[in-house]
Structure formats: structure tokens, C-alpha cells
2 protein chains.
Amino acid sequence: MDTARDIHASGLKVTAPRQRILELFHTGRDQHLTAEDVFRLLLEEHEDIGMATVYRVLMQFVEAGILARNQFENGPARFELNTGKHHDHLVCTQCGRVEEFVDPYIEKRQRVIAEQRGFALIEHTLSLYGQCRICSEQQAGAIAASS
Amino acid sequence: MDTARDIHASGLKVTAPRQRILELFHTGRDQHLTAEDVFRLLLEEHEDIGMATVYRVLMQFVEAGILARNQFENGPARFELNTGKHHDHLVCTQCGRVEEFVDPYIEKRQRVIAEQRGFALIEHTLSLYGQCRICSEQQAGAIAASS
DNA sequence: CTCTGTGCAAAGGATTTGCAGGGAA
DNA sequence: TTCCCTGCAAATCCTTTGCACAGAG
């Protein structure tokens, strides 16, 4: 919550762009923002921050362990607060909503599989793509209305 | 194995570029090639095929269900023969080697999780990143030699 | 003969980098 | 005052598209 402290603790100077960007991620829930999202939100706040800075800051935060970077399919990278707790994602192919989940059993099987193949596991990404409840309902409603 | 037949069955004209590209994937094992790989291999065969054609053909093959496209981390897309059997990947972060695996339990858990969240599951990607056995051994050898 | 395919070059989206001025510590 | 930061523009990487000609059916 204390953005200035987090930034300083990472050995980075506490500047306006860095504070504003980090605040964005602390605002609201389910924040899985693209660099473009961050840039646009800053514009709306009348902050004059360039895309290059957005990318640089996001990257520094990832290296500092403050943010985590996710690459879904072939779209732009999405950033989220790094809570320290690993988790996987459910991504709505319709509205882009991202939900998180953890399944201890899947995590365990992954370690077993890597071991069997002689792989020294470093990390993994698991993403489930589908239509979320809300989009499914909207679609059902639209079909009903058109008939 | 009969590339011309596969291509024709997809409603595509049987042309030299399409046949050469498809043959590449039938050559050898563990073919997870990038568009760049394909382009380079064709050059070595003295085939005069442009990158645009490589991308177009790869895309058509994916749409035809002949190839499958995988996006690992933030690197370029990798293509492989679509055997019709879903599988996930182990990717060596050192040498780039890609191995495949299937785990019925993980598959099942994924369906359960999606259902619990009200997601109509369409597809998923699971990739384990780490160091393969060969790279681990080489590294161990290098350390031993330097001491 | 008629379209689909192809190569080339240019365009495109996402991200990175070079540079000179600006601002934290 | 000293570097670290920043904005801008240009560069990069991967991929797609426009166009006129070539070739499969």
C-alpha cells in the first residue's frame, strides 16, 4: 500500500511516474493491465508519461518482484501485482476478464512430470481459455431476444 | 505422410511451397519450428520462398488442422504437426528443446476448475519451463571443469 | 482461362533503445 | 552536484497486408 516505500526498497528512485503506475495496480480488483491500459489510464489522470517510461517502469517492477508479467496467447503482455503466491489464470476469450486460481494437485503433478523427464523446473504457466459466466449469459440472452 | 493429399483435402492448391513446408514437419522428430526456422530450412534446400508465404502457409495449415501453433513465453510462435491428440509442453529455457506430455489428471482438474467458475472451457495451454537433462549435465560438467 | 498463390516491399502492433535534457538524493 | 530518469523519436522483432505477376486446376 505504501508505494513510495516499495519503490525505494527496490533501489529505485521515487518518481512521479513510478508512484502513479504502482498506484494503478493497487486500485480496484482483478488488475491485469497491459502497458497500453496503463498508458491510457495515466492519460485520463492528465499525467504526461510516455509509453517508453511505462514499459521501462513495468519491467523494473517485474525485476524487483513488485509486479508479475503474464503472456496470454499472442496478445500484449499483462501485468499484475506480485502477491508472492503463485497462481494460474482463467481468461475469458470474449471480454478479456482474467480470474486467478490455484490447484495444489495440478501443481504437484507438474513437479512429478518435470522430474520424470529430467527437467529442473523453473516456472510454468497454465491458462484456461473460455467464455466466462457473464458472457455466456449475455450470449444466451441475445439469441433468445433475436428469435 | 502423403503431403499432397493432405493439402488437397484442405481445399488448398498443391503448390511447391506448401509441399516443401509440410515435408519439413514430417522430417525428424520433435519438430516445433518457428516461421524463421522454416524459412531458413527452405533456404538451405535452395527453395526460393518468401517469409510472407511461409507465414501464410503456416496459418492456412493451422486453420486446416494440419498444424498446431504454440506461443511460448514472449518468443516467436512455434508450429508442430497436429496429431489430433492434445498435449502440453516442457520447454528447455537453455537450448529451446520442446518435449510433449499429457496428464489425464491435470486435464480433468482443469475441467473441474473451469466448471466451478462458470467458464465454458474452449482450450488451454500448460507449459513447464526449466532446464532439460542434457543442459543440466553440460552445466554441471562445465562447473566441474572450471574448478 | 480463371482464380488462387506467390514474392517483394511496405505496413502493423508490441516493445526496446539512443539521446539530451530534467530531477531525486 | 551526481547520476538516475524521463520523453521523444527512431529502431527492433515478429507478423500481416497490398499489389502485380505466375501457375494450379
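Chain letters run A, B, ... following the sequence lines, proteins first and then strands; every chain starts at 1.
- Atom-to-atom, CG of A:L33 to C1' of C:dA14 comes out at 16 Å; the value is rounded to the nearest Å.
- Taking only side-chain nitrogens and oxygens, B:R18 comes nearer than 4.0 Å to OP1 or OP2 of C:dT6.
- Applying the ring pair (Phe, Tyr, Trp, His ring centres under 6.0 Å) test to residues at least two apart or on different chains, the pairs with a partner in residues 123-146 of chain B are B:H86-B:H124.
- Summarising the hydrophobic clusters (Ile, Leu, Val, Met, Phe, Trp, Tyr; side-chain heavy atoms under 4.5 Å, direct or chained), the residues clustered with A:L128 are A:L90, A:F101, A:I106, A:I113, A:F119, A:L121, A:L126, B:L90, B:F101, B:I106, B:I113, B:F119, B:L121, B:L126, B:L128.
- Side-chain atoms of B:D103 and B:D88, non-hydrogen and from C-beta on, never get closer than 4.5 Å to each other.
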| query | How would nucleotides 15-25 of chain C be written as a contact map, 5' to 3', with B for base contact, S for sugar-phosphate-only contact and - for no contact, using protein heavy atoms under 4.0 Å? | reply | BBBB----BBS
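- Qualifying salt bridge (charged side-chain N to carboxylate O under 4.0 Å, His left out) partners for A:E36, counting only residues two or more places apart in sequence or in other chains: none.
- Cluster note: A:M59 groups with no other residue, as no ILVMFWY side-chain heavy atom lies under 4.5 Å from it.
- In this structure, B:V102 stands alone, with no Ile, Leu, Val, Met, Phe, Trp or Tyr side-chain heavy atom under 4.5 Å from its own, directly or through other members.
- In this structure, B:F61 places its CZ atom 11 Å from P of C:dG5, rounding to the nearest Å.
- Identified under the ring pair (Phe, Tyr, Trp, His ring centres under 6.0 Å) test for residues 50-73 of chain A, with sequence neighbours left out: A:F72-A:H89.
- For DNA chain D, the span of nucleotides reached by chain A at under 4.0 Å from its heavy atoms goes, 5' to 3', from D:dC3 to D:dA9.
- Grouped by direct or indirect side-chain proximity (heavy atoms under 4.5 Å, Ile/Leu/Val/Met/Phe/Trp/Tyr only), A:Y105 sits with B:Y105.
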